[in-house]
Amino acid sequence: MQKIQNYIDGKLVDPRSGNFLDNINPAEGKVYSLIPDSDAGDVADANAAAQKAFPEWSAMAVEKRSANLSKIADLIDRDLEALAVAESVDQGKPVSLARVVDIPRASANMRFFATGAIHFASEAHITDQEAVNYTTRTPVGVVGCISPWNLPLYLFTWKIAPALAAGCTVIAKPSELTPMTAYLFSKLCIEAGLPPGVLNILHGLGGKVGQAIIEHPGITAISFTGGTVTGKKIASTAAPMFKKLSLELGGKNPNIIFADCDFEKALSTSIQSSFANQGEICLCGSRIFVERSLYQKFVDAFVERSKNLTIGDPADEKTKVGALVSQAHMEKVLSYIDLAQKEGGRILTGGKQVRVSGRCANGFFVEPTVIVGLSHECRTNQEEIFGPVVTIMPFDTEDEVLAYANSTTYGLSATIWTENLKRAHRVSARVKSGIIWVNCWLFRDLRTPFGGMKQSGVGREGGWEALKFFTETRNVCIKL
Ligand code: TXE
């Protein structure tokens with residue numbers, strides 16, 4: 001059985017304890033590889049390597065740092081197919097999705113920040129002709145990057161690329177549920193000649209090796225993406241140590257559809273924003289609000305399209321909905337479907353685990369599920385489900401739908417469908433979300449600030465925001 005290893009000081013190594021955990025293929029429901037059960041001892045080794053590498057990496061000419069990262073991007077492109085297959089096997093997502101979204105985006109992340117760092121500049125201010133102020137931004141030091149299981153290599157590189165480009169050295173931990181592509185990535189770093197210790201990748205449990213990364217006094221900044229409950233735990237450990245923190249947490253995003261929308265575009269994009277990646281994307285629009293005059297037409301068409309999505313073997317090119325990441329997560333999603341019915345919801349399609357035939361007979365598949373008849377206030381409409389489950393609700397006025405949209409503790413993203421430009425501006429300004437899409441969804445420009453309000457997170461990623469996060473700002477004032 002394949003054994004994944006940690007990547008410390010430029011080498012692939014077993015965890016100090018010698019202990020390994022099972023890694024499960026979620027489409028088959030069986031163990032297919034082993035991952036290191038790392039602990040604080042491994043964090044100490046990674047920290048020693050990262051501290052040793054920091055002076056040279058942070059002082060390296062930015063063009064040279066950039067070339068290192070671009071080389072890794074090229075190797076990701078070269079291995080696109082193998083990485084897409086590995087991601088699909090490890091996570092359960094359709095390979096056809098990993099091939100066009102996850103892996104191309106991973107190399108785009110590396111290249112974007114490799115070139116971005118070259119253009120990163122800082123400000124100068126002349127003060128009343130009497131003084132000149134100039135601001136410098138220097139890498140903060142050794143940083144910790146902790147990423148989740150829904151978009152494994154995509155979100156892993158979204159964090160480490162700006163950290164490395166800014167001149168930090170990194171200790172990164174992918175999710176224990178989806179370690180494989182980060183392991184393959186560490187091999188690419190070795191092949192690319194990344195200097196030892198610049199990036200260290202530790203595998204294992206969040207509460208053990210993840211927590212040890214957060215607690216380590218040598219690690220000065222933490223960038224985390226994951227659930228809001230875990231985010232709170234991380235903040236409660238890191239804040240009293242005055243570590244810099246970037247938290248990208250959960251969402252319960254509204255998808256607001258006005259009667260004057262382009263119906264076909266709103267419909268087909270809403271199918272994607274509901275069920276892409278089995279609904280396991282923090283940006284999925286899990287609460288759909290439709291203006292009453294369009295409501296029934298939209299519901300009927302949406303249910304029809306949902307029924308036609310092919311669920312099954314992620315390796316099959318025709319599959320649109322693959323397996324959920326784990327049995328525990330599948331059970332969580334099914335428990336919310338149960339709750340929705342107890343809260344008075346009616347299931348128009350889906351609602352059950354799917355038994356796929358053949359090699360995927362024991363996989364964690366759930367039907368795309370559409371629920372109506374719920375109030376915006378019930379738990380089903382307030383808590384993050386993170387699966388292929390959406391609710392649809394009617395509304396009459398803008399004020400009413402804004403009250404519904406803003407009623408949760410989350411504020412990550414929102415989608416608005418209207419052909420009325422004034423309305424688009426008006427509603428965008430009043431939705432309490434950090435990311436708003438009008439007449440589109442997940443249309444990304446990596447230069448834009450990415451992150452949420454309220455309990456969806458703290459800080460922003462993307463573009464200059466990310467490079468600023470991984471640097472410390474210093475202002476120098478010189479009297480003329
Ligand atoms: O993720 P966790 P879980 C949401 C989604 C999901 C819920 C819980 O609703 O059902 O979160 O998912 C590491 N110190 N999202 O529990 O725990 C962990 O090892 C340091 C939304 O599977 O948040 C993994 O690497 N690290 C989300 C990472 O945190 C710790 C994507 C994320 O795991 C740790 C995923 C600790 N104490 C789930 N505990 C999004 N925003 O996209 C865990 N980890």
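Starting from 1, each residue takes its place in the sequence as its number. From a predicted model like this one, the values you see are computed outputs, not experimental measurements. When a ligand or atom number is given, it counts from 1 through the structure's own listing order. All heavy atoms count here, side chains included; hydrogens, waters and symmetry mates do not.
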Student: Within a distance of under 4.0 Å, is there any protein heavy atom near atom 4 (C) of ligand 1?
Tutor: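 There is a protein heavy atom less than 4.0 Å from atom 4 (C) of ligand 1.
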Student: Run down the list Cys284, Ser147, Cys282 and name the one with the heavy atom closest to atom 42 (O) of ligand 1.
Tutor: Cys282
Student: For atom 35 (C) of ligand 1, what is the closest protein heavy atom, and at what distance to 0.1 Å?
Tutor: Pro148 CB, 3.6 Å
Student: Identify whether the distance between the nearest side-chain nitrogen and carboxylate oxygen of Arg359 and Glu28 falls below 4.0 Å.
Tutor: yes
Student: As an exercise, identify every atom of ligand 1 less than 4.0 angstrom from a heavy atom of Gly210.
Tutor: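 Matching atoms, with element in brackets: 14 (N), 20 (C), 26 (N).
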Student: Can you tell me which residue and heavy atom of the protein come closest to atom 6 (C) of ligand 1, and the distance to 0.1 Å?
Tutor: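 Its nearest protein heavy-atom neighbour is Lys332 NZ, 3.7 Å.
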Student: Considering only non-hydrogen protein atoms, determine which one is nearest to atom 39 (N) of ligand 1 and report residue, atom name and distance to 0.1 Å.
Tutor: Thr230 CG2, 3.3 Å
Student: Which residue supplies the protein heavy atom nearest to atom 9 (O) of ligand 1, what is that atom called, and how far is it?
Tutor: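 Heavy-atom neighbour on the protein nearest atom 9 (O) of ligand 1: Glu384 OE1, 2.7 Å.
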Student: Please find out if less than 6.0 Å separates the ring center of Phe289 from that of Phe395.
Tutor: no
Student: More than 12 heavy atoms of other residues, nucleotides or ligands under 6.0 Å from CZ of Arg447: yes or no?
Tutor: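 For Arg447, atom CZ is not crowded (no more than 12 foreign heavy atoms under 6.0 Å).
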Student: Under 6.0 Å from the ring centre and within 45 degrees of the ring axis: does the NZ or CZ of Arg105 meet both conditions for the six-membered ring of Trp158?
Tutor: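 Here Arg105 passes the 6.0 Å and 45° test against Trp158.
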Student: Pick, from Lys173, Lys233, Lys252, Gln211, the option with the minimum heavy-atom distance to atom 14 (N) of ligand 1.
Tutor: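 Result: the heavy atom closest to atom 14 (N) of ligand 1 is in Gln211.
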Student: Taking 4.0 angstrom as the limit and counting only heavy atoms of Ile146, give me the atoms of ligand 1 inside it, by number and element.
Tutor: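 Those qualifying, in numeric order: 13 (C), 20 (C), 25 (O), 26 (N), 28 (C), 29 (O).
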Student: Please identify which atoms of ligand 1 are closer than 4.0 Å to at least one heavy atom of Glu248.
Tutor: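 The atoms of ligand 1 under 4.0 Å from a heavy atom of Glu248 are 41 (N).
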Student: Evaluate the 4.0 Å heavy atom contact test for atom 19 (O) of ligand 1: does a protein atom fall under the cut-off?
Tutor: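 Yes, there is one.
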Student: How about Ser147 and Lys173: does a side-chain donor come under 3.5 Å of a side-chain acceptor?
Tutor: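 The answer is no; no qualifying pair exists.
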Student: Could you identify the single nearest non-hydrogen protein atom to atom 41 (N) of ligand 1 and state the distance to 0.1 Å?
Tutor: Leu249 O, 2.9 Å
Student: Among all the protein's non-hydrogen atoms, which is closest to atom 22 (O) of ligand 1, and how far away is it?
Tutor: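 That would be Trp149 NE1, 2.6 Å.
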Student: Would you say Glu377 and Asn381 are linked by a side-chain donor-acceptor pair, where the criterion is simply a distance under 3.5 Å?
Tutor: no
Student: Can you tell me which portion of Ile213 lies within the under-4.0 Å heavy-atom range of ligand 1? Options are side chain, backbone, both, or neither.
Tutor: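 For Ile213, there is no contact with ligand 1 at all, from either part.
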Student: Do Ser175 side-chain atoms and Pro148 backbone N/O form a donor-acceptor pair below 3.5 Å?
Tutor: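 Between the backbone of Pro148 and the side chain of Ser175 there is no qualifying donor-acceptor contact (under 3.5 Å).
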Student: In ligand 1, which numbered atoms sit nearer than 4.0 Å to a non-hydrogen atom of Ile214?
Tutor: 14 (N), 20 (C)
Student: Give me the atom names and distance for the closest heavy-atom approach of Ile385 to His329.
Tutor: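 Of all heavy-atom pairs spanning Ile385 and His329, the closest is O-CE1, 3.8 Å.
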Student: Does either side chain, that of Thr228 or that of Gln455, offer a donor lying less than 3.5 Å from an acceptor on the other one?
Tutor: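 Side-chain D/A pair, Thr228 to Gln455: absent.
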Student: Distance-only, no hydrogens or angles: does the Arg99 side chain make a donor-acceptor pair with backbone N or O of Ala84 under 3.5 Å?
Tutor: no
Student: Give the atoms of ligand 1, by number and element, whose distance to some non-hydrogen atom of His329 is under 4.0 Å.
Tutor: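 Listed by number with element, the hits are 10 (O).
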Student: Take atom 16 (O) of ligand 1 and look for protein heavy atoms under 4.0 Å from it; say yes if you find one, no if not.
Tutor: no
Student: Could you tell me, atom by atom, which parts of ligand 1 come under 4.0 Å of a heavy atom of Pro174?
Tutor: 25 (O)
Student: As a check for students: among Ala172, Gly206, Gly227, identify the option with a heavy atom nearest to atom 44 (N) of ligand 1.
Tutor: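 Among Ala172, Gly206, Gly227, the closest heavy atom to atom 44 (N) of ligand 1 belongs to Gly206.
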Student: Starting from atom 29 (O) of ligand 1, locate the nearest protein heavy atom and write down its residue, its atom name and how far away it is, to 0.1 Å.
Tutor: Phe224 CE1, 3.1 Å
Student: Is the NZ or CZ atom of Lys320 positioned over Phe275's six-membered ring, under 6.0 angstrom from the centre and within 45° of the axis?
Tutor: no
